[in-house]
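It should be emphasised that the depicted structure is a prediction, and the values quoted were computed from it without experimental measurement. Both ligands and their constituent atoms are indexed starting at 1 by order of listing.
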Amino acid sequence: MNETLIPPGIGGESAALSPIAMLDYLFPGFTLLANFLQSHLGINLNLYIPVIMSFAFVAAAWRYLSSYLNDLMESYLMSVVDVRTDDEIYNMLMGWVAQQTFSQGARRFVANTNLNSRMYWWMWGSSDDDDEDDGAEIDESGCVVTKKKKKALAYTPTFGSHWFFYKRRLLIFKRQQPATQSPFYTTSEREEISISCFGRNPWVLKELLNEARSMYLKRDEAKTLIYRGALKGTGLEPTWQRCMARTSRPFSTVILNEDVKKKLIDDVTDYLNPATRRWYANRGIPYRRGYLLWGPPGTGKSSLSLALAGFFKMRIYIVSLSSMTATEENLASLFAELPRRCVVLLEDIDTAGLTHTRDPASQPDSSSPGGEPPVLLAGPPVPDPKGKPTSLPGRLSLSGLLNILDGVASQEGRVLIMTTNHLEKLDKALIRPGRVDMQVKFDKADTSMIAAIFRAIYAPLEEDTAPAPLSSSQSPALAALEKRLNPRSDASRKEKDEKKQEVLNKVDALAKEFASKIPTMEFSPAEIQGFLLKNKRNPEKAVEGVEEWLVVARKEQKEREVEQAKKKEEEAKKAAKKAAKKAKKKAAKRKARGKKRRGDDTTESEDGTDSESGSEAEESDSEGSESEEEKTKKKNKEGKRTEKKKKGKEKEKKLAVEVRVDTPPPSGSEADKGAVPELKLDEKPAAAVVVAAPPAKAMTIDTKKANEEEVERAQVSGDSGYGATAAERDAAAPVEVVA
Ligand SMILES: Nc1ncnc2c1ncn2[C@@H]1O[C@H](COP(=O)(O)OP(=O)(O)OP(=O)(O)O)[C@@H](O)[C@H]1O
């Protein structure tokens with residue numbers, strides 16, 4: 001009875017293996033409790049140890065068994081769908097779940113103001129809806145009053161398993177925290193969502209997901225969904241992220257030549273026709289269509305792309321080629337992920353470095369500072385057949401992009417739109433037919449465009465006022481009721497229409513006046529719209545203030561131009577400095593190499609080596625992008641060089657004459673008779689020098705090449721006595737010269 005409990009570790013190894021030690025391990029503090037009970041209450045827990053152990057064992061076994069059975073059941077008797085938090089289906093499912101009674105009745109739940117994955121918030125801001133009611137209203141005095149926000153709260157079940165019925169089937173919604181947690185994960189990435197059902201057929205789960213999806217899409221029916229290429233969470237995996245749902249822009253709001261608009265719409269309509277798809281497939285033609293929208297900034301290229309996507313109810317996928325994530329690999333996987341029917345917008349392709357030719361033999365773009373090969377962005381270098389990388393490490397080449405756009409593995413069915421401000425900078429390969437099937441030119445605003453912009457802003461629209469309840473024109477029953485209740489409604493509507501027409505006429509007259517005051521093709525539609533928006537409720541004031549605005553706008557434009565010119569000049573100076581530094585370095589290196597060579601080969605003249613290095617340095621000088629000064633220097637040098645070349649050629653011809661005269665004539669020829677064969681100076685030396693003295697060592701030399709080499713040597717050494725040097729050599733080694 002008085003037996004004391006031995007704490008673990010004290011009684012040696014046997015104590016460590018005793019049941020008490022085990023209990024102490026399983027229930028920390030057991031020994032203390034047992035000692036306390038024995039000394040104060042006289043209860044010996046040792047007597048109960050077997051019972052406690054049995055309970056502990058049963059509990060542990062049950063835990064293990066239940067989880068094992070659960071796993072077993074999930075594997076063999078249930079169907080489960082796991083939903084990834086970085087996928088759009090997460091937003092769809094959570095939107096659906098929030099509307100179900102089981103989540104509204106949950107005792108422990110998560111309250112959300114936005115059900116979308118947090119990843120979108122983190123990357124693109126807190127909301128993807130551009131027309132959310134922010135609660136702002138106008139009071140009687142015309143002031144803006146912000147009332148209570150109308151954003152509704154959504155409730156979703158918290159972590160754990162939640163049972164519910166769907167289509168008379170029992171389903172389980174599970175929200176769990178993943179076993180591994182990274183501090184870099186955004187909140188919604190720290191959860192795992194799954195829905196399971198009993199039975200091996202998952203049809204009910206698929207139906208549920210489809211219902212959630214259509215509910216989600218219905219909400220966005222009148223909107224254009226905008227997606228952008230981005231990297232998934234922390235995993236550097238590229239994906240399309242929904243960044244905005246914009247109310248679709250009516251095509252009519254983009255002011256453009258009506259014929260061009262019609263052509264564009266007809267072309268896209270024809271392309272999207274299923275019959276066209278089959279037509280393409282039957283003929284083995286890749287089913288793709290590309291459009292190039294080009295023109296000055298702010299002329300409506302992006303607006304037209306958005307309007308086009310909205311018109312055809314397609315999603316728009318925007319890729320920024322100047323983004324750091326636009327590597328060849330990332331772009332390829334993004335394009336592979338595109339849905340069949342969508343618009344892909346490559347904005348401002350000229351700014352992405354796509355200004356060089358694809359031809360590997362072509363020279364580097366001289367417009368790029370330092371003459372660096374113009375390439376795009378990060379990505380592994382693509383080796384050419386000779387093993388040399390065609391692009392700098394971590395950059396994307398033009399051919400890489402072309403392959404992504406319409407290579408063998410590229411997706412079919414999409415509408416590709418490229419926009420640029422500088423058509424002339426684009427490589428021909430990028431805009432060849434097949435890649436670009438239609439080009440649309442955008443220009444600055446002419447008189448009719450200016451008037452159209454004015455009308456678009458000031459003409460009263462029904463949508464400007466708050467959405468009216470279902471009008472009688474939409475429902476005949478409602479019309480009859482309205483007539484009965486309010487017999488004067490017909491007259492008031494007529495009055496309203498007349499007033500509207502009056503306003504329209506006034507706006508039209510003002511639009512003409514406004515347009516006549518602005519010179520045609522001087523300002524972009526965006527600039528004009530910007531000015532009108534400053535007076536958006538007062539068209540008269542806009543017309544009055546237009547002259548004043550013209551002065552200010554021109555001044556600002558000039559300032560911008562001066563600033564740009566300055567920037568360009570500074571950039572050119574920097575580039576020239578860089579090039580000069582590079583050339584200096586190269587020259588120094590060559591000089592050092594020349595000195596070393598001179599040490600080895602004493603026959604080479606010191607002057608010659610120096611001037612060689614000098615001339616090569618000059619060449620390298622010209623590699624970089626030159627300033628005006630350098631260009632004129634270069635021209636002078638080139639002029640001198642061609643002059644020297646000419647002289648050299650003349651001397652070569654003379655030399656040919658000398659060779660011919662000195663050559664012993666073959667017996668029986670005219671020379672036997674003392675006649676000197678006639679030689680024309682304009683004859684090519686190779687043709688003139690037919691046969692020389694029998695050579696000691698026969699050699700074949702391409703005369704043209706030999707002459708050029710000779711001339712070059714003369715240039716490099718700065719030696720004007722070219723003829724003498726050549727004659728000396730000829731005398732030393734008689735050669736057979738073949739053309
Ligand atoms: N032709 C146009 N019709 C209607 N609105 C226009 C037009 N051109 C420009 N705008 C207005 O000007 C603004 C800028 O237009 P947008 O972004 O489409 O020009 P952009 O040509 O794509 O410019 P950038 O080349 O700089 O990308 C928009 O608010 C748009 O509504």
Asker: Distance under 4.0 Å to a non-hydrogen atom of Asn421: what atoms of ligand 1 satisfy this?
Answerer: 25 (O)
Asker: Between atom CZ of Arg289 and atom CG of Asp267, what is the distance when rounded to the nearest 0.5 Å?
Answerer: 4.0 Å
Asker: Within ligand 1, which atoms have a heavy atom of Pro525 less than 4.0 Å away?
Answerer: 7 (C), 8 (N), 9 (C)
Asker: Does only the side chain of Arg249 get under 4.0 Å from ligand 1, or the backbone, or both, or neither? Count heavy atoms.
Answerer: side chain
Asker: Suppose I only count heavy atoms of Ala526 and a 4.0 Å limit; which atoms of ligand 1 are within that range?
Answerer: 9 (C), 12 (O), 13 (C), 14 (C)
Asker: Does ligand 1 have any atom that is closer than 4.0 Å to a heavy atom of Thr420?
Answerer: no
Asker: Heavy-atom pairs closer than 4.0 Å: do any link ligand 1 to the side chain of Lys301, the backbone, both, or neither?
Answerer: both
Asker: Between Pro539 and Phe454, which heavy-atom pair has the shortest distance, and what is it?
Answerer: CB-CZ, 3.7 Å
Asker: Check this for me: does any side-chain nitrogen of one of Asp266 and Lys262 sit under 4.0 Å from a carboxylate oxygen of the other?
Answerer: yes
Asker: Between Gly300, Ser524, Ser305, Pro296, which one has a non-hydrogen atom sitting closest to atom 19 (O) of ligand 1?
Answerer: Gly300
Asker: Closer than 4.0 Å to some heavy atom of Ser303 - which atoms of ligand 1 meet that?
Answerer: 15 (O), 16 (P), 18 (O), 28 (C), 30 (C), 31 (O)
Asker: How about Arg213: does its CZ atom have over 12 heavy atoms from other parts shown lying under 6.0 Å from it?
Answerer: no
Asker: Considering only NZ, NE, NH1 and NH2 on the basic side and carboxylate oxygens on the acidic side, decide whether Lys506 and Glu540 come within less than 4.0 Å.
Answerer: yes
